[in-house]
Novice: 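Handing you this structure, nothing more for now.
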Amino acid sequence: MSILAGKLGLVFGVANKRSIAWAIAQAWHQAGARLAFTYQGERLKENVAELAGAFGEDTVVLPCDVTKDEEIAEVFRQVGERFGKLHLLLHSVAFAPREALEGEFIHTSREAFRVAHDVSAYSLVALAREGAPLMTEGGSILAMTYYGAEKVVPRYNVMGVAKAALEASARYLAYDLGPKKIRVNCISAGPVNTLAARGIAGFAEMLKHYEAHAPLKRNVLPEELGAAGTFLASDGAAAITGQVIYVDSGYQIMGM
Ligand code: NAD
Ligand code: 0WE
């Protein structure tokens with residue numbers, strides 16, 4: 001079932017094979033999309049090039065630190081040159097300085113707040129603005145978020161505030177880009193053991209907490225994020241925009 005046949009996509013946020021971006025990229029690829037990838041810095045170049053190579057040796061792989069306007073501009077210039085147009089864009093990028101994810105939110109420094117919002121929220125606005133002109137046949141922009149945007153998850157701290165900004169940004173972008181048939185949605189994922197999650201104190205307990213309390217009594221699988229991402233990218237979701245879709249084993253519905 002090639003529901004994304006003929007679609008051209010650009011993926012931000014692959015660090016390694018455990019990245020949520022990689023799970024969604026694989027699903028998009030299996031659904032027939034042709035993809036290009038970006039990586040954050042030299043350190044990740046080989047990793048991403050090797051993974052992307054699985055989709056063919058000529059897969060486009062470009063550097064992009066999302067805090068750098070010049071790098072963003074260059075990515076879309078290159079994608080314009082190689083693809084000519086674009087249908088799908090995945091934003092699977094987040095960062096807050098480590099010290100901001102420890103201890104109390106009240107101690108968040110001005111600089112940590114700025115960095116978290118720049119990398120994790122503003123970047124969606126920048127990527128949407130630069131990507132939209134290539135989405136001449138309409139498109140689907142997808143961003144990854146987390147429940148800490150709407151309820152307090154101890155130690156998620158400034159990332160929760162940045163995710164709230166990301167989700168609100170997705171709604172305003174959905175309004176701006178709707179007339180161009182470009183949809184903007186978020187997937188709110190339950191916890192997944194990735195590079196960004198590893199080393200978070202208490203992460204293993206969080207996985208156990210979901211197993212105990214989520215209606216489905218289990219954690220989310222990366223391929224389930226891929227399947228949801230494929231649906232949102234497909235014409236089956238043609239009338240869905242500005243939404244946050246929970247792929248979290250049902251955890252978000254619980255009050256206790
Ligand atoms: P990951 O570490 O594999 O991915 C995070 C990515 O962000 C990396 O590829 C990293 O290179 C990129 N990144 C950070 N700063 C960047 C910058 N300045 N420029 C460009 N890229 C930058 O971890 P992941 O868990 O796959 O995270 C992907 C997304 O999913 C994030 O938005 C995260 O908040 C979200 N999310 C994760 C979980 C989870 O439990 N793992 C749950 C819900 C949502
Ligand atoms: O969005 C995230 C994590 C994003 C993240 C991770 C790190 C670790 C390394 C952002 N910045 C950094 N900075 C670093 O230095 N998640 C949804 C996973 C996550 O992180 C948590 C969680 C969950 C869930 C942190 C505290 C509590 C829960």
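Note that this is a predicted model, so its numbers are computed, not measured. One-based numbering, in listed order, for ligands and for the atoms of each.
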Novice: Flag the pair Phe55 / Trp22 as yes when their ring centroid distance falls below 6.0 Å, and as no otherwise.
Specialist: yes
Novice: Over 60° means perpendicular and under 30° means parallel, so classify the ring planes of Tyr147 and Tyr251, tilted if in between.
Specialist: perpendicular
Novice: Mind running salt bridge (charged side-chain N to carboxylate O under 4.0 Å, His left out) on Lys163 and Glu167 for me, showing each step along the way?
Specialist: CA-CA 6 Å; Lys163 288 299 192 190; Glu167 292 178 8; over 6 Å; no
Novice: Can you tell me how far the CZ atom of Arg34 sits from the CG atom of Leu10, to the nearest 0.5 Å?
Specialist: 12.0 Å
Novice: Anything under 30° is parallel, anything over 60° is perpendicular, the rest tilted; go ahead and classify His213 against His209.
Specialist: tilted
Novice: OG1/Thr194 to CD1/Ile200 distance, rounded to the nearest 0.5 angstrom?
Specialist: 8.5 Å
Novice: Pairs under 3.5 Å, N/O atoms on ligand 2 and on the protein: can you put them in a table with the distances?
Specialist:
| residue | atom | partner | partner atom | Å |
| --- | --- | --- | --- | --- |
| ligand 2 | 1 (O) | Tyr156 | OH | 2.7 |
| ligand 2 | 11 (N) | Ala96 | N | 2.9 |
| ligand 2 | 11 (N) | Ala96 | O | 3.3 |
| ligand 2 | 13 (N) | Ala96 | O | 2.7 |

Novice: Does ligand 1 have any N/O pairs with the protein under 3.5 Å, and how far apart?
Specialist:
| residue | atom | partner | partner atom | Å |
| --- | --- | --- | --- | --- |
| ligand 1 | 2 (O) | Ala196 | N | 3.3 |
| ligand 1 | 3 (O) | Ser19 | OG | 2.6 |
| ligand 1 | 9 (O) | Gly13 | O | 2.8 |
| ligand 1 | 9 (O) | Ala15 | N | 3.4 |
| ligand 1 | 11 (O) | Gln40 | OE1 | 2.8 |
| ligand 1 | 15 (N) | Gln40 | NE2 | 3.3 |
| ligand 1 | 18 (N) | Asp65 | OD1 | 3.1 |
| ligand 1 | 19 (N) | Val66 | N | 2.9 |
| ligand 1 | 23 (O) | Thr194 | OG1 | 3.3 |
| ligand 1 | 25 (O) | Thr194 | OG1 | 2.5 |
| ligand 1 | 26 (O) | Ile20 | N | 2.8 |
| ligand 1 | 32 (O) | Val93 | O | 3.4 |
| ligand 1 | 32 (O) | Lys163 | NZ | 2.8 |
| ligand 1 | 34 (O) | Lys163 | NZ | 2.8 |
| ligand 1 | 40 (O) | Val192 | N | 2.8 |
| ligand 1 | 40 (O) | Val192 | O | 3.4 |
| ligand 1 | 41 (N) | Val192 | O | 3.0 |
| ligand 1 | 41 (N) | Thr194 | OG1 | 3.2 |

Novice: Can you tell me if CZ on Arg198 sees more than 12 non-hydrogen neighbours from other groups inside 6.0 Å?
Specialist: yes
Novice: Could Lys7 and Glu137 be called an ion pair, given the rule that one side-chain N must be under 4.0 Å from one carboxylate O?
Specialist: no
Novice: Please tell me whether Val247 and Leu90 are part of a single hydrophobic cluster in this structure, the criterion being side-chain heavy atoms less than 4.5 Å apart.
Specialist: yes
